[in-house]
Trainee: 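My questions all concern the structure below.
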Amino acid sequence: MGAYVTRRVLLLIPTVVGAVTLLFVLFFVMPGDPAQLIAGGGDRAVPESVRDQIKARYGLDRPIPEQYVAYWGRVATGDLGESFSSREPVTEIIARTAPASARLAFWAVVVEALVGISVGVYSAVRKYSFLDTFVTVGTAAMGAVPVFVLGYLLQQAFGVFPATQGWSFRLPVQGIGPNEWVLGVFPASFEQFTYLLLPAVVLASVSTAVVARMTRATMLEVEKADFLRTARAKGLRRRTVVVRHGVRNALIPVVTLIGVDIGALVGSAILTETVFNWPGMGSKLAEATAGRDLPVMLGLTLVIILVYAVTSLLVDLSYSWFDPRVRLGEEPA
Amino acid sequence: MGSKKVLGGVVALVLSMGLVASACSSGDDGGSSSGTTAAAGAGGEVVDLATFVAGPPDNIDPALTTELGGAQITTAMFDGLTEFAYPDGAEKGELKGLVAESWEGNADATEWTFKVRDGLKFSNGDPVLPSSFKAGWDRAANPELAAGYGYLFDIVQGKAEWDEAAEKEDSSVTGLSGVTANDEAMTLTVKLAKPYADFPSVVSHIIFSPVPAKVVEGLKDQSDWDRGEMVGNGPFALAAPRSESEIVLVPNKNWTGDVVGTTKVSLGKITFRVSKDENAAFSSFQAGEGQTGAIPSGQYSLVQPGGAYENTNTVKPQLGSYHFLFGMQEGSPVAGEKNLKLRQAISLAVDREQINKAVYEGSRQTSTGVTPPGIPGFEKGLCKYCAFNLDEAKKLYAEWEAEGGSLPGPLKIQFNEGSGHEDVVAIMQANLKELGIETEQDGRSDETYFDEMSDGGCILCRAGWFWDYPIYDNGMFDLFSKAAIGPGSNNLGQFSSDEFDGVVDTARSNLDAAAREQQFRSAEDIVLNQDTVVVPINWYQGDQVFDAKLQNYRQEPLGWVRWEQVSLKK
């Protein structure tokens with residue numbers, strides 16, 4: 001087990017190096033002069049002298065391989081550079097945006113797991129009922145609606161519509177609100193909860209649909225398994241059969257999905273955080289990419305890769321808990 | 001039996017969580033969003049949702065700000081030597097002294113002396129002195145800071161030497177040699193590298209703001225100032241260092257007045273909320289989370305007669321021109337005296353009203369020249385070839401053909417992709433087809449467009465220009481002079497005329513304002529009529545809507561709101 005974890009951690013190195021190299025190459029292959037954007041170019045040309053000064057400041061006038069080596073040299077000492085556009089240290093940007101993203105992702109996963117699994121199990125137990133059909137159609141629709149469209153719709157429905165009706169009740173449509181939390185992730189006040197609700201639901205939407213459908217499918221599969229028939233034959237209560245024997249076995253692929261999904265959440269988070277003005281890494285990454293802000297792009301990507309790698313490791317480790325037959329790090333005999 | 005209940009219960013519980021939550025939220029939520037007036041101080045609190053709709057500003061430091069949003073904060077926090085006054089929303093501005101009591105130029109406009117008002121203070125209590133300006137200018141012009149607008153100091157003596165020294169890594173130059181501050185006499189004397197009669201107008205730009213010398217000397221990193229407790233001398237001060245999600249301004253108690261007679265700030269607090277997406281920001285405004293909103297594209301019907309914000313919008317002309325330039329460099333199929341009638345015919349054949357209606361929902365003003373109405377010296381109808389007239393266009397086109405004119409192939413119309421210019425070009429194509437000219441869309445990537453055009457690639461190319469300060473020269477010298485030709489410069493069509501440069505040079509050194517404006521108009525007459533090197537399309541307009549409770553809320557032609565003049569109706 002220890003050797004397995006070590007090997008997985010070592011595998012991270014080529015992953016991270018590869019991703020950073022790719023971003024570096026892409027950045028310099030992309031057409032145009034980053035100095036133009038850094039200078040705030042926009043709709044006008046930027047004088048050569050200003051561009052030269054900017055390039056000198058950020059070392060963009062050095063040969064690309066030299067910049068690449070210098071970047072790793074700085075990263076090794078924990079220095080991720082400063083943002084081209086705001087000139088703020090990247091480590092500070094990460095320290096500021098990562099907690100907001102983590103909170104949103106946490107609640108999205110909670111929604112996804114709770115709603116997705118319970119709807120899926122319910123659907124499987126009452127298969128071909130009206131509700132099951134409804135869930136099947138509903139999840140297909142949910143998975144098909146782009147995240148930002150759902151975001152706008154919910155903003156209109158729960159924020160703008162109540163305001164135009166003069167109702168005293170409505171949900172905030174922008175921002176993180178007071179930003180007060182208990183134990184890191186629990187909203188400290190009811191107001192905080194109202195700010196969290198819509199973004200968390202929207203971020204969870206696509207994944208919830210997928211989890212529900214997958215849970216339903218695996219449940220139906222497990223239902224036909226021998227061990228379940230045996231359990232039923234033993235005369236166990238239906239609830240015990242479904243929960244202890246059925247759900248636990250059906251959950252293995254679902255847990256993988258949720259684990260892997262934490263990485264995918266980052267993608268949806270770019271849109272969700274942008275639409276809801278949530279001050280996290282996703283919206284920052286979108287902003288940095290649009291502004292060709294290389295140090296911020298690289299820094300955030302590093303963090304995202306690490307998060308992704310660690311969660312997928314944890315998911316793999318959790319297999320052995322769900323299914324004791326799984327032995328990690330051993331070659332099959 | 002039991003299992004059904006349990007599972008159904010879980011589903012119901014989870015699904016209802018949201019509803020329960022929202023139902024309970026009624027009480028405190030109302031307080032947080034529309035409660036801005038309830039807890040108001042003297043003149044009330046306002047939440048602005050119009051300024052930052054696509055992310056936070058990179059900078060709000062007067063030396064570093066290059067975007068309109070950031071500049072909005074900077075103008076509220078800093079007062080320069082001079083400012084253009086637009087009393088009661090006047091269309092045309094007038095230059096007035098702000099921190100400068102008076103100023104004087106020498107006979108050939110190469111040396112300017114500003115007399116600084118006594119007794120003014122920064123928000124931290126430090127006095128505003130001529131040396132505060134010297135400190136601010138030296139800081140902003142420092143090549144090491146690499147400020148985006150640092151080139152505005154090129155006109156000042158000593159800037160070129162400083163740049164040169166920096167390039168050779170020679171650190172002996174530490175300031176602009178042409179700027180001398182005398183704190184006893186309260187004068188700031190500026191020697192220029194070239195005559196420039198409009199210099200007192202140029203110093204209205206935020207990059208020429210004063211800074212408290214003691215404060216900036218103590219900074220570890222000069223580019224960090226605006227993320228901490230930046231201190232200015234304007235009507236507002238930072239309530240706290242800015243965050244990624246908002247910038248909060250409160251009145252500066254040491255402020256004494258502006259150029260239109262305001263002597264006291266009415267509002268108690270302004271929170272500029274940063275949004276990431278213009279549509280979501282507008283939803284937020286509609287939901288009552290703030291008092292100002294930026295109209296998202298496609299929603300201009302809201303401000304037109306019958307719309308919800310018919311009377312509460314800021315849609316008025318601004319200092320921005322949207323136009324197409326003819327490539328006048330050698331080898332361009334439209335260049336030269338022999339193609340003058342072709343260029344005039346093209347300009348006449350473009351239906352600017354149609355473009356404004358179809359592409360901009362009527363939200364812009366069709367132009368009658370390059371220079372917009374807010375510029376002192378502006379004259380309506382300067383352009384003789386800007387009103388749609390197909391018959392006249394056909395006549396000129398036929399004459400050009402009869403004189404042996406012909407195009408080697410389809411005429412290329414160039415533009416940067418992704419900002420709706422495609423639609424404008426499509427209409428122009430249809431217009432020119434009527435004339436008998438075959439055209440071709442030539443869209444380029446936004447990132448390389450200006451490089452390619454300024455490097456001689458322009459044939460009929462789109463350009464836009466926002467004035468840095470409301471003076472005629474800024475839209476003439478910077479866009480059409482020989483000095484503005486070359487990679488990274490703004491004379492994209494490479495128009496090169498000794499006559500034009502001569503007129504502009506004379507105007508630049510003419511101390512008589514009325515005569516100077518007249519000379520600039522004749523310079524514009526050259527680019528519009530005599531040589532016809534530009535096809536003006538429209539002038540940009542304001543783009544905000546606001547809560548009816550806001551009084552005196554307007555966007556000045558330079559794009560920003562003078563928040564010190566705004567008040568909130570109870």
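A, B, ... follow the sequence lines: proteins, then strands. Residue 1 opens every chain. Since this is a predicted model, take the numbers as computed values, not measurements. Any value given below was found using the heavy atoms of this structure, including those in side chains, with hydrogens, waters and symmetry copies removed.
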Trainee: Below 4.5 Å from any heavy atom of chain B, which atoms of A:Q156 appear? Answer side chain, backbone, both or neither.
Mentor: side chain

Trainee: About how many Å separate CD of B:E67 and OG1 of B:T74, when rounded to the nearest 0.5 Å?
Mentor: 9.5 Å

Trainee: For each of A:E287, A:E88, A:R57, A:Q155, tally heavy-atom pairs with chain B at distances under 4.5 Å, and name the one with the top tally.
Mentor: A:E88

Trainee: Do the side chains of B:D226 and B:R242 get close enough for a salt bridge, i.e. N-O under 4.0 angstrom?
Mentor: yes

Trainee: Which region of B:A484, side chain (C-beta onward) or backbone (N, CA, C, O), has a non-hydrogen atom less than 4.5 Å from a non-hydrogen atom of chain A, or is it both or neither?
Mentor: neither

Trainee: Which bit of B:D61 is near chain A, if near means a heavy-atom gap under 4.5 Å: side chain, backbone, both or neither?
Mentor: neither

Trainee: Side chain from CB out, backbone as N, CA, C, O: work out which of these in B:E452 comes under 4.5 Å of a heavy atom of chain A, or both, or neither.
Mentor: neither

Trainee: Counting only heavy atoms closer than 4.5 Å, note whether B:L145 contacts chain A via side chain, backbone, both or neither.
Mentor: both

Trainee: Yes or no on salt bridge (charged side-chain N to carboxylate O under 4.0 Å, His left out) for B:R227 and B:E244, after CA distance, side-chain angles and deciding distance?
Mentor: CA-CA 10 Å; B:R227 274 200 307 282; B:E244 191 84 344; over 6 Å; no

Trainee: Just give me the residue among B:P143, B:G55, B:G148 that pairs up with chain A most often, heavy atom to heavy atom, under 4.5 Å.
Mentor: B:P143

Trainee: Measure A:W278 against the heavy atoms of chain B and call it side chain, backbone, both or neither at under 4.5 Å.
Mentor: backbone

Trainee: Is A:R237 close to chain B through its backbone or its side chain, or both, or neither, when contacts mean heavy atoms under 4.5 Å?
Mentor: neither

Trainee: Could you have a look at B:L49, B:N279, B:D224, B:T65 and say which one has the most heavy-atom pairs with chain A under 4.5 angstrom?
Mentor: B:N279

Trainee: So, for A:W107 and A:F193, is the gap between ring centers shorter than 6.0 Å?
Mentor: no

Trainee: Can you tell me how far apart CD1 (B:I247) and CD1 (B:I73) are? Round to the nearest 0.5 Å.
Mentor: 4.5 Å

Trainee: Using the ring of A:F161 (Phe, Tyr or Trp, six-membered ring only), decide whether A:R170 places NZ or CZ under 6.0 Å from its centre and within 45 degrees of its axis.
Mentor: no

Trainee: Take B:F415 and B:Y449 through the ring pair (Phe, Tyr, Trp, His ring centres under 6.0 Å) test and state the conclusion after the steps.
Mentor: CA-CA 7 Å; B:F415 57 93; B:Y449 177 75; 7.8 Å; no

